[in-house]
Visitor: 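The structure's right below; bear with me while I get my questions together.
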There are 2 protein chains.
Amino acid sequence: MPRPLVDLLWRDSPSAPTGGSRGPRARYSTGDVVARAIALADEGGLAAVTVRALAQSLEMTAMSVYTHVNSRDDLLVLMTDHAHARMTPTPFGRAAWRTRVRRVADDNLALLRAHPWLLDVADPRTALGPGTIAKYDHELRAFDGTSIGDIHRDAALTFVLDFVRSSASRIVTRPATGDFGQLWEESVASLARYVGDDFALAQRVGRAAGEAMGGPHDAERAWEYGLDRVISGLDDATGG
Amino acid sequence: MPRPLVDLLWRDSPSAPTGGSRGPRARYSTGDVVARAIALADEGGLAAVTVRALAQSLEMTAMSVYTHVNSRDDLLVLMTDHAHARMTPTPFGRAAWRTRVRRVADDNLALLRAHPWLLDVADPRTALGPGTIAKYDHELRAFDGTSIGDIHRDAALTFVLDFVRSSASRIVTRPATGDFGQLWEESVASLARYVGDDFALAQRVGRAAGEAMGGPHDAERAWEYGLDRVISGLDDATGG
DNA sequence: CACAACATTGTACGTTGTAGACCGTACTGT
DNA sequence: ACAGTACGGTCTACAACGTACAATGTTGTG
């Protein structure tokens, strides 16, 4: 049985337990396994990260994976922390907090674009990893220079990141992509018959939003709109 | 094979296909199955809604479920629409848009509190259901009287609902509940050894936020804080 | 040299969603 | 009244999943 999750997360730390040198040398390090799992997830989503597929990708048996990782859930945490650690944030420089928050948002959107499967990982234990903690530490500094308190600083960052996550899930999973567009066209006929003249407002707004969504630049427009709301909302919470 | 999803969603509509009267009468209606599935989900989460468990709860075989529902994924859509339809929104009355948005947010939080499994349903086809459309139609009216355009009206509502969803997922899944508190106490010792004196800001803010989270009224405080940001952010987007 | 720690493997279990063939029932057209 | 047919329901079975368990082989340490 491998080391506990916290030790695996901090395996590159100098104070990490080395692990006895007895027995055969492992053909792969934990980092290799995690990197391979990320590669699988990047091209096939989290569903492609099965223990067996990962094992085959590493040319070993399914059970050998458990030499390096305690469980699949632990693996997802390790993958997430690795992605967070590899993230190279845009430097804040001397920018004001509004610009800094924009950079945090943009960086996180880029992260979720590169690794859409991060949207499917909802494990609180990710907060235990060095990559996630470093990311947290950096992003908190977006509010340096404002008069915001510690608790509100955490709340404000959470507010921003939640927005990014929600928006990203709508941006990343393209609505017209795949078979949903096809399904939509099959359904819209019978749907129109059911709705009839009811819900006029919903129909009007839904059609407007739907048509705009077909347009080329709408994803960016919606993103900009929401981000403006976020920053505007934080305006009076940062002491001006 | 049952009728397609759209017809099942609108099964109570007068223009819905009645379905030939041949063959034995079904022991349960589609509504019964959906209601039973919701009951299971309410007490055990989505994971408790297995086809077999649902079947046993209805005293039939697993495969009989597929007489009423095309697939488990379809069932989740039906459950969601049912929950949306059963939602009785707080009337807007003559309240200004700020109050209306608060009511929309509060109502949705209450909905997600009552049915936490809704947080785990991420199927775009829910938008096809009468309950969801009626909900959409009503909530769009929160911005009646403002000078907001159609596209922005949709974006603004999405903005509000996204916030509610993110907050709710943090409120509903209690952090100190279950075995996470136990795991935390096991991990915090070795974690402190790893972190050391690095990430001072993250440690300070994290501790402050963590301690506040232990407090009794923090969930509500964080909720109020975020909702204030949301409304403040929408302020200049509604034309005053 | 014997022992212990370790990586690796094969087999197997329980659980999931659901396809396919089949049976009996109740209505429909002749 | 009788055949045809649409339908609800059941049984069996499959592929895929995560992973527990026992066994085998390999390496360093006493």
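First the proteins, then the strands, lettered A, B, ... as listed; each starts at 1. Side chains are part of it too, since the values below use all heavy atoms of this structure and drop only hydrogens, waters and symmetry mates.
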Visitor: Rounded to the Å, how far apart are A:Leu40 CG and D:dC17 P?
Guide: 12 Å
Visitor: Would you indicate whether the side-chain heavy atoms of B:Leu5 and B:Leu78 approach each other to under 4.5 Å?
Guide: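 When only atoms from C-beta onward are counted, B:Leu5 and B:Leu78 do touch, with a gap below 4.5 Å.
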Visitor: For A:Arg52 and D:dA16, give me the distance from atom CZ to atom C1', rounded to whole Å.
Guide: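 Checked: the CZ to C1' distance equals 7 Å.
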Visitor: From the options D:dT10, D:dT29, D:dG18, select the nucleotide whose nearest atom is closest to the side chain of A:Thr50.
Guide: D:dG18
Visitor: For D:dA6 and B:Ser21 - does any side-chain N or O of the residue sit under 4.0 Å from the phosphate oxygens OP1/OP2?
Guide: no
Visitor: Counting any heavy atom closer than 4.0 Å, what does A:Ser64 reach on the DNA or RNA strands: base, sugar-phosphate only, or nothing?
Guide: base
Visitor: Look at the side chain of B:Arg27 and the base of D:dG8, then say whether one donor and one acceptor between them are separated by less than 3.5 Å.
Guide: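 There is none.
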Visitor: Among A:Leu112, A:Ile38, A:Leu40, A:Leu76, find the one that has a side-chain contact (heavy atoms from CB on, under 4.5 Å) with A:Trp117.
Guide: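 Per the side-chain contact (heavy atoms from CB on, under 4.5 Å) rule, the option paired with A:Trp117 is A:Ile38, out of A:Leu112, A:Ile38, A:Leu40, A:Leu76.
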Visitor: Any side-chain N or O of A:Thr61 below 4.0 angstrom from OP1/OP2 of C:dT9?
Guide: yes
Visitor: Taking the basic N atoms (NZ, or NE/NH1/NH2) and the acidic carboxylate oxygens, is any pair closer than 4.0 Å for B:Asp162 and A:Arg170?
Guide: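 Between A:Arg170 and B:Asp162 there is a salt bridge, with a charged N closer than 4.0 Å to a carboxylate O.
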Visitor: Can you tell me which nucleotide in D:dC21, C:dA19, D:dG8 comes closest to the side chain of B:Ala26?
Guide: D:dG8
Visitor: Salt-bridge test for B:Asp73 and B:Arg125: reply yes if a basic N is under 4.0 Å from a carboxylate O, no otherwise.
Guide: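 Salt bridge absent between B:Asp73 and B:Arg125.
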Visitor: Looking at A:His68, I'd like to know whether one of its side-chain N or O atoms comes within less than 4.0 Å of OP1 or OP2 on C:dA7.
Guide: no
Visitor: Write down the distance between CG (B:Asn70) and P (C:dA19), rounded to a whole number of angstrom.
Guide: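 It works out to 10 Å between those atoms.
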Visitor: Whether B:Arg72 contacts C:dG17 is assessed here as follows: a side-chain N or O lying under 4.0 Å from the phosphate OP1 or OP2. Is that the case?
Guide: yes
Visitor: Give A:Arg25 one of three labels, base, sugar-phosphate or nothing, depending on what nucleic acid heavy atoms sit under 4.0 Å from its own.
Guide: sugar-phosphate
Visitor: From C:dA5, C:dT9, D:dG8, pick the nucleotide closest to the side chain of A:Arg22?
Guide: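 Nearest to the side-chain atoms of A:Arg22, counting from C-beta on, is C:dA5.
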Visitor: With a 4.5 Å heavy-atom cut-off, do A:Leu111 and A:His84 have their side chains touching?
Guide: yes
Visitor: Starting from C1' on C:dT9, measure out to OH on A:Tyr28 and report it in whole angstrom.
Guide: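 Checked: the OH to C1' distance equals 16 Å.
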